Colleague: 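I'd like to ask some things about the structure below.
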Amino acid sequence: MKNKRIFLSLSKQSGFEKQYIQKAFDDNWITSGGPNVNDFEKVLENYLGADSHVTAVNSGTSAIHLALVSLGVGIDDEVICQSLTFSASANPILYQRAIPVFVDSEPETWNMCPENLEKAICERIEKGKKPKAIIAVHLYGTPYKVDEIHAIAGRYEIPVIEDSAEALGSSYKGKKCGTFGTFGVLSFNGNKIITTSGGGALISKSKQAKEKAIFYATQSKDEAVHYQHSEIGYNYRMSNICAGVGLGQMEILDKNIDSRIEMNHFYKEIFKNVKEIEVFQTANDDFFSNYWLSTILINENKNINRKTLRLAFETANIECRPIWKPMHLQPLFSGYPYYGGNVAENLFTRGLCLPSGSHLTEQEKDRIKEVIHNFLNNYNS
Ligand SMILES: *Cc1c(COP(=O)(O)O)cnc(C)c1O
């Protein structure tokens with residue numbers, strides 16, 4: 001019989017989810033918004049601290065879109081975006097018929113490179129258009145260089161949208177990711193560190209910004225008993241059932257983070273004597289990563305080949321994938337400006353994401369270990 005598939009990232013249930021869902025049924029709130037949604041927002045606000053105001057929505061992508069709408073990004077406006085990310089960071093720029101301007105990564109955090117960010121800003125301003133927003137990403141749970149990026153954004157007075165979809169629970173110098181930008185974004189998709197089955201959140205700095213986001217997320221209804229609209233609206237609010245799942249999940253968020261960090265140690269131990277393979281680690285204590293995914297970089301030579309390792313995992317029915325393909329190399333985004341060199345591209349061609357789920361059993365870890373050991377032994381013999 002074939003082994004059960006081990007995925008890169010699967011959520012784990014706390015066991016409390018069903019009670020909150022039951023409450024949604026008991027309250028007869030089987031719709032978007034409602035008591036669970038309000039409670040879920042409060043729990044997140046307490047967790048994030050730093051006077052955060054949270055709007056729960058139906059996906060992380062919607063949250064990014066709402067951030068752009070809230071900042072007034074429109075036709076032909078330019079928005080700077082980290083190139084090395086998942087396409088959901090950049091797609092909402094196109095929803096607004098705005099123009100993405102992509103920026104390379106730096107090698108320490110793999111996130112937006114401050115030098116190239118500043119170069120992009122200066123050149124866009126020279127060309128006559130100041131960027132309307134900057135979308136920076138905490139990739140794989142590792143905070144970007146917050147001080148440097150926000151100092152530059154502040155100097156040119158450009159708001160930052162912090163794509164923290166992969167980084168709930170991560171922090172920089174003790175402050176939670178998602179709370180640095182004018183807006184922060186979380187995702188509760190099924191593969192993230194916690195799930196609502198599908199969902200996201202927009203983190204704002206004020207009650208007014210939160211209320212405006214709720215306004216947009218619920219069809220932009222003006223104050224009137226009849227339905228009246230002066231602005232474009234969206235149907236983006238989180239469902240009361242999904243928020244119930246989220247409330248249950250919040251009870252094990254810290255445990256999930258512990259086990260993701262443990263997976264990072266697990267890989268560090270396995271690869272510790274392999275000079276061609278480097279397990280990604282944060283640079284210093286300023287950066288606290290939830291290690292949503294553990295990643296490795298491979299220096300290929302005649303002995304060690306990335307594709308062979310990936311296929312060995314696949315044969316054992318274990319998911320393993322290259323790093324995100326940078327946006328400036330995607331057919332969809334090929335015509336847009338790009339600032340940088342080949343750092344992101346190099347990470348894409350050398351990197352692999354390894355199974356990092358919060359739920360992996362000892363048996364599953366043994367299966368992973370066996371694949372890696374066989375792969376390494378084949379080359380040593
Ligand atoms: C998952 C993800 C998103 C989108 O979140 P969804 O909830 O799936 O819409 C955005 N940005 C990054 C970096 C992500 O990993």
Side-chain angles (χ1 to χ4, degrees), residues 7-11 32 40 44 54-69 79-95 100 102-103 105 109-112 133-144 149 160-170 177-178 180-181 183-203 213 217 234-239 242-243 245-246 249 256 260 280 289-295 319 321-328 330 332-333 344 347-348 351 353 356-357:
F7 291 96
L8 274 191
S9 175
L10 260 194
S11 62
S32 64
F40 184 46
L44 283 167
V54 173
T55 308
V57 292
N58 60 3
S59 76
T61 311
S62 323
I64 297 174
H65 190 195
L66 288 179
L68 293 172
V69 169
V79 175
I80 292 182
C81 183
Q82 181 168 322
S83 182
L84 189 66
T85 185
F86 178 51
S87 64
S89 305
N91 276 328
I93 303 171
L94 298 187
Y95 301 169
F102 293 109
V103 167
S105 293
T109 72
W110 299 13
N111 294 313
M112 188 176 273
I134 297 165
I135 302 175
V137 187
H138 304 295
L139 212 61
Y140 301 121
T142 297
Y144 57 76
I149 296 292
V160 176
I161 299 169
E162 209 188 328
D163 184 345
S164 206
E166 302 175 0
L168 176 59
S170 299
C177 288
F180 295 101
F183 289 103
V185 167
L186 299 174
S187 166
F188 312 115
N189 192 26
N191 64 350
K192 296 291 171 18
I193 194 121
I194 64 161
T195 183
T196 57
S197 76
L202 184 70
I203 304 160
Y234 305 88
N235 186 3
Y236 280 174
R237 198 75 168 120
M238 180 177 278
S239 124
C242 294
V245 179
Q249 288 275 295
N256 287 359
R260 303 261 169 169
F280 178 86
S289 179
N290 67 9
Y291 286 112
W292 171 59
L293 293 187
S294 280
T295 53
E319 190 184 12
R321 269 178 206 286
I323 303 299
W324 301 124
K325 180 173 183 171
M327 293 304 113
H328 73 281
Q330 299 283 359
L332 173 65
F333 295 114
L347 293 168
F348 166 61
C353 300
S356 311

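Computed over heavy atoms, backbone and side chain alike; hydrogens, waters and symmetry mates excluded. Nothing here was measured: the structure is a model prediction, and the numbers come from that model. One-based numbering, in listed order, for ligands and for the atoms of each.
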Colleague: Among all protein heavy atoms, pick out the one at the shortest distance from atom 11 (N) of ligand 1; state its residue, atom name and that distance to 0.1 Å.
Modeller: Asp163 OD2, 2.7 Å

Colleague: Tyr140 and Phe280: aromatic ring centres closer than 6.0 Å?
Modeller: no

Colleague: Side chain or backbone, does Thr85 bring an N or O within less than 3.5 Å of an N or O on ligand 1?
Modeller: no

Colleague: Provide the number and element of each atom of ligand 1 under 4.0 Å from a heavy atom of Ala88.
Modeller: 3 (C), 4 (C), 10 (C)

Colleague: Relative to the heavy atoms of Ala165, which atoms of ligand 1 are at a distance of less than 4.0 Å?
Modeller: 2 (C), 3 (C), 10 (C), 11 (N), 12 (C), 14 (C)

Colleague: For atom 9 (O) of ligand 1, grab the closest protein heavy atom and report residue, atom and distance to one decimal in Å.
Modeller: Thr61 OG1, 2.5 Å

Colleague: Going by the atom numbers of ligand 1, which of them fall below 4.0 Å from some non-hydrogen atom of Ser59?
Modeller: 7 (O), 9 (O)

Colleague: So which heavy atom on Asn256 is nearest to which on Ile193, and how close?
Modeller: ND2-O, 2.9 Å

Colleague: What atoms of ligand 1 come within less than 4.0 Å of a heavy atom belonging to Ser187?
Modeller: 1 (C), 5 (O), 6 (P), 7 (O), 8 (O)

Colleague: In ligand 1, which numbered atoms sit nearer than 4.0 Å to a non-hydrogen atom of Gly199?
Modeller: 7 (O)

Colleague: When you measure from atom 15 (O) of ligand 1 to every protein heavy atom, which one gives the shortest distance, and what is it?
Modeller: Glu166 OE2, 2.5 Å

Colleague: Among Phe86, Trp110, Phe348, exactly one meets ring-ring contact (aromatic ring centres under 6.0 Å, His included) together with Trp324. Which residue is that?
Modeller: Phe86

Colleague: Give me the nearest non-hydrogen protein atom to atom 1 (C) of ligand 1 as residue plus atom name, then the distance to 0.1 Å.
Modeller: Lys192 NZ, 1.6 Å

Colleague: On a heavy-atom basis, which atom in Leu8 and which in Cys353 lie closest, and how many Å separate them?
Modeller: CD2-O, 3.4 Å

Colleague: Measure centre to centre between the rings of Phe188 and Phe40, then say whether the value is under 6.0 Å.
Modeller: yes

Colleague: Is there a side-chain contact between Thr196 and Gln249 (heavy atoms, below 4.5 Å)?
Modeller: no

Colleague: Any atoms of ligand 1 less than 4.0 Å from a non-hydrogen atom of Ser89? List them with their elements.
Modeller: 11 (N), 13 (C)

Colleague: So, for Ser294 and Arg260, which heavy atoms are closest and what is the spacing to 0.1 Å?
Modeller: OG-O, 4.5 Å

Colleague: When you measure from the side chain of Ser289 to the backbone of Gly141, do you find a donor-acceptor pair of N or O atoms at a distance under 3.5 Å?
Modeller: yes

